[in-house]
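Quick caveat, the model's predicted, so the values are computed rather than measured.
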Amino acid sequence: MIKMLKYENESGLSLCFRNKKPYYFEKIDATGLSGNFTSDTLAGAVGQITTNKSIGARTVVCDFALWLTDERDRTDRLNYIINLLNPMKSGILTLVTDTATYEIECYPSAVPSILKEKEISTVYRFTVDFICDYSYFRQLGVINKPMTKGTNIINSSSVPDTPIKIYIPDCSKGAVIQFHNALGNNTLKLLAVDGAVTVDTEKFTAVTDKGEDVTGKINLLSKIENCKLTYGENKIVFDVPASITISYYNLALGVI
């Protein structure tokens with residue numbers, strides 16, 4: 001079960017909510033997730049044919065309560081929360097459970113309305129909808145898998161298809177990396193680049209160790225969107241370059 005929630009925005013403002021004074025989180029929905037479906041109806045056929053399925057953006061709804069007894073700093077604390085939950089600032093929502101810690105990139109949908117309880121003058125309550133463009137929670141602890149040319153196996157316990165970062169320490173001869181898993185047989189091809197390159201299959205980018213964007217070196221025929229890990233066995237095969245390192249996080253559909 002979730003025992004602590006922390007939100008930190010890109011300005012560095014942050015706050016932790018627990019099941020105790022003065023900052024409570026009373027309720028959270030970190031499991032609700034909707035799909036997007038495209039369907040066609042054939043003439044004379046019963047029902048429909050679903051031609052595409054995808055996961056939409058996620059909204060994490062949180063109910064909070066504040067216990068503010070000191071009148072001298074009450075206004076300062078409330079103003080801090082308003083600035084923290086600025087919808088123009090993105091941030092990281094971190095959930096700590098009994099067994100693991102998860103985080104997700106998000107931003108508040110609006111500055112919340114903070115209301116004082118009528119019966120208890122020291123208690124304030126508000127609700128925040130955190131919008132998450134990328135819908136999966138990632139479990140803290142990056143996994144790094146060094147690989148050498150030939151056939152390599154990664155057994156992934158992450159149920160969602162998992163994007164990866166591929167670090168190529170020497171890309172002077174280019175790269176041809178094949179992925180064999182539940183997404184089929186997909187090949188990532190990269191033209192020669194001096195020095196080291198990191199390919200990100202979530203953001204579809206390639207960047208050198210000097211920070212130069214070399215995304216244009218990715219072969220247009222590469223299905224980079226399918227160069228991911230799937231649940232179970234993943235076979236990764238390459239002869240050029242001589243070595244790579246694949247980095248990824250275990251992903252979760254939701255957190256309880």
Side-chain angles (χ1 to χ4, degrees), residues 33 35-36 52-55 58 92 99-105 132-255:
L33 183 60
N36 295 325
N52 184 63
K53 299 177 183 178
S54 63
I55 295 294
R58 148 177 263 135
I92 300 290
T99 57
T101 300
Y102 301 88
E103 65 180 20
I104 193 167
E105 296 178 4
C132 312
D133 294 333
Y134 186 72
S135 305
Y136 299 130
F137 291 91
R138 65 185 185 192
Q139 184 176 343
L140 286 195
V142 63
I143 300 170
N144 296 305
K145 297 285 187 180
M147 299 182 174
T148 55
K149 64 180 179 179
T151 300
N152 302 264
I153 301 295
I154 293 180
N155 289 298
S156 174
S157 59
S158 183
V159 174
D161 296 339
T162 305
I164 59 177
K165 289 185 178 179
I166 307 168
Y167 176 70
I168 305 170
D170 180 8
C171 197
S172 59
K173 296 181 180 179
V176 180
I177 305 169
Q178 299 175 344
F179 294 81
H180 306 279
N181 53 28
L183 290 174
N185 300 323
N186 296 284
T187 301
L188 174 66
K189 294 182 179 181
L190 193 67
L191 299 178
V193 178
D194 290 335
V197 174
T198 299
V199 179
D200 188 330
T201 69
E202 177 187 343
K203 298 179 180 178
F204 305 156
T205 59
V207 180
T208 69
D209 56 352
K210 296 179 181 179
E212 180 186 0
D213 186 347
V214 291
T215 304
K217 295 290 186 178
I218 300 174
N219 188 297
L220 294 177
L221 297 179
S222 298
K223 292 186 177 181
I224 190 173
E225 68 275 11
N226 288 337
C227 295
K228 301 177 181 179
L229 302 181
T230 61
Y231 182 78
E233 184 177 282
N234 298 263
K235 185 185 295 184
I236 299 165
V237 183
F238 62 94
D239 289 321
V240 177
S243 66
I244 63 174
T245 297
I246 287 182
S247 303
Y248 64 96
Y249 291 92
N250 279 332
L251 302 181
L253 289 169
V255 179

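Closest of all the heavy-atom pairs between S222 and K189 is OG-N, 2.9 Å. Residues I104 and Y134 share a closest heavy-atom pair of CD1-O, 3.6 Å. The nearest pair of heavy atoms linking T245 to P146 is OG1-CA, 4.0 Å. Residues P241 and A175 approach most closely at CD-CB, 3.6 Å, considering heavy atoms.
Taking the side chain as every heavy atom from C-beta outward, Y249 and I143 never approach each other to under 4.5 Å. Using a 4.5 Å heavy-atom cutoff, the side chains of L33 and S135 are in contact. Residues Y248 and K228 are not in side-chain contact: their nearest non-hydrogen atoms beyond the backbone lie 4.5 Å or more apart. Two residues are said to be in side-chain contact when any heavy atoms from C-beta on lie closer than 4.5 Å; T215 and T205 meet this criterion. Residues C227 and I164 form no side-chain contact, since every pair of their non-hydrogen atoms from C-beta on lies 4.5 Å or further apart. Using a 4.5 Å cut-off on side-chain heavy atoms (C-beta onward), K145 and N152 make no contact. Contact of the T198 side chain with the D200 side chain is not registered, since no non-hydrogen atoms from C-beta on lie closer than 4.5 Å. At least one side-chain heavy atom of I153 sits under 4.5 Å from a side-chain heavy atom of E233.
A distance of 9.0 Å separates CG of N185 from NZ of K235, quoted to the nearest 0.5 Å. Taking OG1 of T187 as the reference point, atom CZ of F179 lies at 9.0 Å (rounded to 0.5 Å). The structure places CG of L140 at 11.5 Å from CG of N250, a figure rounded to the nearest 0.5 Å. In this structure, the separation between OG1 on T162 and CG on L251 is 4.0 Å, given to the nearest 0.5 Å. Distance NZ/K53 to CG/N36: 13.0 Å, rounded to 0.5 Å. Here the straight-line distance linking atom SG of C132 with atom CD of E105 works out to 9.5 Å at 0.5 Å rounding.
Among the candidates N219, I236, I218, the single residue satisfying the side chain to side chain contact (heavy atoms under 4.5 Å, CB included) test with L188 is I218. Looking at D213, V214, D194 one by one, the single match for side chain to side chain contact (heavy atoms under 4.5 Å, CB included) with T208 turns out to be V214. When the options N186, N234, D161 are evaluated for a side chain to side chain donor-acceptor pair (under 3.5 Å) with N181, the one that passes is N234.
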Handout entry: Pair Y167-I244, side chain to side chain contact (heavy atoms under 4.5 Å, CB included): steps then yes or no
Key = CA-CA 6 Å; Y167 176 70; I244 63 174; over 6 Å; no
Practice task
Evaluate the side chain to side chain contact (heavy atoms under 4.5 Å, CB included) criterion for residues V199 and I177: first the C-alpha distance (whole Å), next the side-chain angles of each, then the deciding distance (0.1 Å), finally the verdict.
Solution key: CA-CA 11 Å; V199 179; I177 305 169; over 6 Å; no
Exercise for the section: Output, in order, the C-alpha distance, side-chain angles, deciding distance and verdict of side chain to side chain contact (heavy atoms under 4.5 Å, CB included) for L183 and K223. Expected result: CA-CA 11 Å; L183 290 174; K223 292 186 177 181; over 6 Å; no
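Shown here is Y231, whose OH atom has no more than 12 heavy atoms of other residues, nucleotides or ligands within 6.0 Å.
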